[in-house]
Amino acid sequence: RLQILSATTGAKLLGPLRGIDPVFSPDGTKFAARIGERVVVRDSVTGVESLSFKAFSPFAGFLEHHPSISFSPDGRWILVAEKSLAGGVAAYDALTGDRKQVFAVADDDMQGTFSPDGQRIAIWPGLIGTPSVWERDRPNQPAASLIGTGTRAMSFSPDGRRLLGG
């Protein structure tokens, strides 16, 4: 069950609501969460659902151990790590739920995050595999493969020129 709490008093502000693995939009006005095979977007004050879209095939589902949902910095895209036969991280339109891009990564345990300008996406395949950086509008080929494996998390520097991973 999801709930929103005051960070200063600990008081419950909203909830309980159905869903797991929640993430706020950059402006804090909404949040996205996983409910089964769907991603649901809700208003962060009222809890009213504004969008729900199917993000996974019925037999593939979310990455159970490391689900990944994130908003682009401008809030226009939602990045979802999908578990599928080919693997992949998909970018969805945050207003319509339409799948816009799929970044094919053949691994079962992956996550992704946007650069601060929203133009690049870092994808890391967990403990085994090669992290990569993709141009948001060019999903067919990674812009760069990064040295190193065993990455559990990655973060862009505020200027987007460096990646921190470990």
About how many Å separate [atom2] of [Y] and [atom1] of [X], when rounded to the nearest 0.5 Å?
X	Y	atom1	atom2	answer
S44	L13	OG	CG	10.0 Å
R42	L17	CZ	CG	5.0 Å
S115	R161	OG	CZ	13.0 Å
K12	I4	NZ	CD1	11.5 Å
F31	S50	CZ	OG	9.5 Å

If every non-hydrogen atom of [X] is compared with every non-hydrogen atom of [Y], which pair is closest and at what distance?
X	Y	result
P116	F156	CD-CB, 3.6 Å
S72	F114	CA-CD1, 3.4 Å
T113	L79	N-CD2, 3.6 Å
E135	A143	OE2-CB, 3.9 Å
G75	A94	O-CB, 3.2 Å

Worksheet item: Is there a donor-acceptor contact under 3.5 Å from the side chain of S25 to the main chain of K30?
Response: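 Indeed, once roles are kept as given, a pair shorter than 3.5 Å links the two residues.
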Discussion item. Keeping S6 on the side-chain end and A11 on the backbone end, is there a donor-acceptor pair under 3.5 Å?
Written reply: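 No, because the side chain of S6 does not come within donor-acceptor range (under 3.5 Å) of the backbone of A11.
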Item to complete: Applying ring pair (Phe, Tyr, Trp, His ring centres under 6.0 Å), name anything that partners F53, two or more places apart in sequence or on another chain.
Response: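 For F53, the residues satisfying ring pair (Phe, Tyr, Trp, His ring centres under 6.0 Å) (neighbours in sequence not counted) are Y92.
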Practice prompt. Apply the test side chain to side chain contact (heavy atoms under 4.5 Å, CB included) to residues V89 and V80: give CA-CA distance (whole Å), side-chain angles for both, the deciding distance (0.1 Å), then the verdict.
Written response: CA-CA 6 Å; V89 173; V80 180; over 6 Å; no
Practice prompt. For salt bridge (charged side-chain N to carboxylate O under 4.0 Å, His left out), just list the numbers for R34 and D21, CA-CA rounded to whole Å, side-chain angles, deciding distance to a tenth of an Å, and then say yes or no.
Written response: CA-CA 6 Å; R34 159 190 169 185; D21 307 316; 3.5 Å; yes
Worksheet item: With a 4.5 Å limit on heavy-atom distance, are the side chains of D93 and W77 in contact?
Response: no
Discussion item. Walk me through whether R136 and R120 qualify under side chain to side chain contact (heavy atoms under 4.5 Å, CB included).
Written reply: CA-CA 5 Å; R136 186 193 67 204; R120 287 169 290 148; over 6 Å; no
Discussion item. Taking V41 as the starting point, is it possible to reach V45 by hopping between hydrophobic residues whose side chains are less than 4.5 Å apart?
Written reply: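 Not linked; separate clusters.
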